[in-house]
Structures are given as structure tokens and as C-alpha cells.
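Inspection log for the structure reproduced underneath, given as C-alpha cells.
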Number of protein chains: 2
Amino acid sequence: MWLRPPREPRQTLSLGRIVAEAVALLDEEGVARLTMRRLAERLGTGSTTLYWHVKTKDDVLDLALDAVFGEVPLPDAGGDWRERVREVIGGWRAALLRHPWSATILDRPLMGPHALDHTEALYAALAAAGLEGPRLKAAAYSLANFVMGSVIMQVTAEGHGDAAAFLRERAARYPLLARHGLDCDWDAAFADGLGFLLTGMRDGGGTGAPT
Amino acid sequence: MWLRPPREPRQTLSLGRIVAEAVALLDEEGVARLTMRRLAERLGTGSTTLYWHVKTKDDVLDLALDAVFGEVPLPDAGGDWRERVREVIGGWRAALLRHPWSATILDRPLMGPHALDHTEALYAALAAAGLEGPRLKAAAYSLANFVMGSVIMQVTAEGHGDAAAFLRERAARYPLLARHGLDCDWDAAFADGLGFLLTGMRDGGGTGAPT
DNA sequence: CGATTAACTAGACCAACGATCCGGTTCCAG
DNA sequence: CTGGAACCGGATCGTTGGTCTAGTTAATCG
């Protein structure tokens, strides 16, 4: 009785605290080391407790991924539509690259509120440019897929750094790959690719091309 | 002695058999159900035996993924460069979609012999169009990333089929998304996006634009 | 005020996993 | 004949995601 600690303040473990700590843990140690036990330990509680707030571990990952999307600011309307698209897509890329683990868990539906908000913003920016119908859909589709693929490939390449040497050794068999696959300026390549898409959807065939 | 089975023929477990069986198992049951034990069982052996041929489970996945790339035929030279690029990229997409599990393990270096062969072929097709230097690199970069992102997004969407209904319920908050996110003609959207990229790298600024 | 209920916490436990240890067997080169 | 490399598997280790059961706190309602 008298040895009892002087009334611990209630932890008030909340979904928000769990997600924030999960993101921190993922940032520091990567996706492979995120376990319910370790996460609970960092939160000063037991692993079982987490399952009151969350149904499975996948829920934690879903929430963490959406939290990453929540970091990127929504673009303000107005201005050149191309600039707005660059803003949205570039914001996604920056946020995902800031948390490299997120690129490795992109194989799940992006249905969190933040992800949906930003996807809607992308559609809005494209619709403001005059796109509509299947052409609008194709534009959003290709932009979103391009940025996802870019982030995954960059994170993968940077995470396994010996790829350059590996390619150099096989320059005889893969000459073009060895010449251009190294010395990566990721940002420039990304900007160029985005430029291809934007001018392509301006000049491409079909109806409803933006100005 | 007398109870001994009449001389089982040597299993001759080889890397090829392991990879083939792994692909079959992945096709039938998905990536989550690929375990070394189950794979060994299907091969009529013990799980330990696999570790003689393979260092870790990741090796199996690496090999299986490269086997998928091995399915797509290399394009023959000649003809319109745009058609050849469509052939390469479309081949990747078809093979990856034929094995949906492959899209979820794309977050690893694509350094298998088949993957490298096809990447080199992509560079060759673009170089034949007159591209070179950073512009060639940006073209290959954007095409590869576009197709990877497309496959991942499509597989993800098709694997969790209730997304459409989910969006319909939230049509008030995400009007554009609800209107265009459903009724997906994936092939058409992909072809359109690929068209954007191809015309973009023809008409885009800079030097060395192909004809 | 007392009782019920929802929110919250934890220890013990389960089946399954990747991986390893150790011991055994087959086969071929020297 | 022999030694070593290739090949095989039972038992086992430590860890994981998840559940069962049981306990405690805080707010609500009659």
C-alpha cells in the first residue's frame, strides 16, 4: 500500500500518439523493425493495449502512410495549372522521400483522408486546366503512377548502394545501362519526366487539351 | 531394411525447380503464403534443404521476380521507335499483371539478368530514336517508373475491390475523385499515359529530341 | 449515492515464421 | 579406397502477430 507509486497519470493512449510514434519508429529503424511489441514499448505500454485502438498491424501502417500524406501542404488555387500540378506531385515526392519506408508500403489502397484530399486536389488542378472525361482520368492516372514509381525506384536504388559498382562490372553486357544508370541526378530526371508528361498532355491527340 | 522404400530417385533439387515452384505457389496463393516450409513441402523436401541452394527467403523472391521479367520476349529491332518502346513497356506491364504478387515486391533492386536485359533493351530502343545523354536517361527513367507505378496501383486497386463503393459514399467530399476514380479502363488509361510520355519526349524542350 | 458500462492495461499464451545446428547420406574425383 | 563436396532433414531457437483472460480506472445513468 505505502509502496504504491504516487498515482501514475493516466496514459491516455490515443490513435494519434500511436501513429506519431509509429512514424518516428519507422523513420529511425525502418519498416522491418516495426513490431507491435517495440512500438508498445516506446509508448510505455504493453503490446496488447495497442490492439484496443487498432485491429491489426496493417492498420498502423495504413495510418502511418496517410500521416505522410498529411505532411504535404495542399496547393493554393490560381496561377498556372502546370505549376500547381508540379506543386502537388512534387509535394508527394518530397514527403515520401522524407520517409523512405513509405515507398515500400505503397502496395496498399491509398484511401486515407489525407491521401484522398491530395488526390482530389490533383484532379482539381487538372480540371482547372480544361481537362475532363477520360482525358482527365488518364492525366491523373499517369501523374500519380509516375510519382509513385519514381519514389519506389529511387528509394530502392539508394537503399542498396552497391548497384553502381555491380553495373560497372557488367558494362560489357549492358553498355547503355552502365553508362547512364550511374551518376544519378534524381531530381533532374524527375523534373524532366514530369515535363514529358505535362507537355504530352498539352500537345497530345484527343479532345479537351489544356492551353 | 525390408521395409525400406524401393530406392527413391534422387530429387536433384535445383535452383530452377525451386524458382519455378515458388512462382507457382505465389501465383496460386499470393506473397503472404509463401513460406520456406510450404515451398519445401511442395517440392517434396524439408525446409532446411532449401537453404543449401538459397541464402535467405529474399533470394527466392528476387529470383521469382526476375523469372517474371524472363517471361516477356525481347523486342526485335527495327520499325518505329515508339512502337518498340510500347512493346517493351507493354511487355513488362503484361508480365507483372500476370503475376500480381510481383507488383508488391517491386521495392527491391531489379538487378537480375532478365530485368537487366530488358532495361538495356529499353535504353537501346530510346537511343535508336536519337536520344542521348541526360535526355535519354530521363526518358528511360520516366517510362520505367510510369509502368512500375501503374502496375502497383492497378494491382492494389483490384486486390481491394470495395474501394469503388467507399468512394461513392464520399462523393460529396471528393466529387472529382468519385466521378473519375471508378469505371476504370486500366488499359486505356495506361495507353494514354504512355502516349503523353512519348509525345512529351518528342516535343519537349532541350536538345536531341527524336523525330 | 451506488451500479453499470465503456475505456484501458497487462501477463501468459498460441501457432507460425525464418533461420540454424547437427548429424546423416549420396556421389564423384583422385 | 577415401576424402570432400553436394545434398538432405529432424529438432530447435528466438521472434513475430494476435488472442484469452483478468484486472483497473473513469464516466454515466437511474
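Chain letters run A, B, ... following the sequence lines, proteins first and then strands; every chain starts at 1.
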* Asked: Less than 3.5 Å between a donor and an acceptor, one on the side chain of B:Thr35 and one on the base of C:dG18, is that the case here?
  -> no
Between B:Asp27 and B:Arg98, does any NZ, NE, NH1 or NH2 come within less than 4.0 Å of an OD or OE carboxylate oxygen? no
To the nearest angstrom, the CZ-P distance between A:Arg38 and D:dG18 comes to 17 Å
Whole-Å distance, A:Lys55 NZ to D:dG17 C1', equals 13 Å
To the nearest angstrom, the CG-C1' distance between A:Leu50 and C:dG11 comes to 15 Å
A:Arg37 atom CZ is separated from D:dG18 atom C1', nearest whole Å, by 9 Å
Here the distance between atom P of D:dT15 and atom CE of B:Met36, to the nearest Å, is 20 Å
B:Arg33 CZ to C:dA16 P, in whole Å, measures 10 Å
B:Tyr51 OH to C:dC17 P, in whole Å, measures 11 Å
query = Is the shortest side-chain N/O distance from A:Thr45 to OP1 or OP2 of C:dA10 below 4.0 Å?
reply = yes
The reported gap from CG in B:Leu143 to CG in B:Leu198 (rounded to nearest 0.5 angstrom) is 6.0 Å
Closest of C:dT20, D:dC8, D:dC20 to the A:Thr48 side chain is D:dC20
Practice task
Please work out if A:Thr56 contacts a base, only the sugar-phosphate, or nothing of the nucleic acid, heavy-atom cut-off 4.0 Å.
Solution key: sugar-phosphate
task: Establish, with yes or no, whether the OP1 or OP2 oxygen of D:dC8 is under 4.0 angstrom from a side-chain nitrogen or oxygen of B:His53.
output: yes
Requested in this report: Look at the rings of A:Phe69 and A:His118 and say which category their plane angle falls in: under 30° parallel, 30 to 60° tilted, over 60° perpendicular.
Outcome: tilted
- Task: Please work out if A:Leu34 contacts a base, only the sugar-phosphate, or nothing of the nucleic acid, heavy-atom cut-off 4.0 Å.
- Result: sugar-phosphate
Self-check item: Ion pair B:Glu41/B:Arg38, N-O distance below 4.0 Å
Solution: no
Of A:Ser47 and B:Ala32, the one whose closest nucleotide on DNA chain C sits nearer the 5' end is A:Ser47
From CG of A:Asp59 across to C1' of D:dG17 the rounded distance in Å is 13 Å
Checklist entry - Relative to the ring of A:Phe146, is the ring of A:Phe190 parallel (under 30°), tilted (30 to 60°) or perpendicular (over 60°)? => result parallel
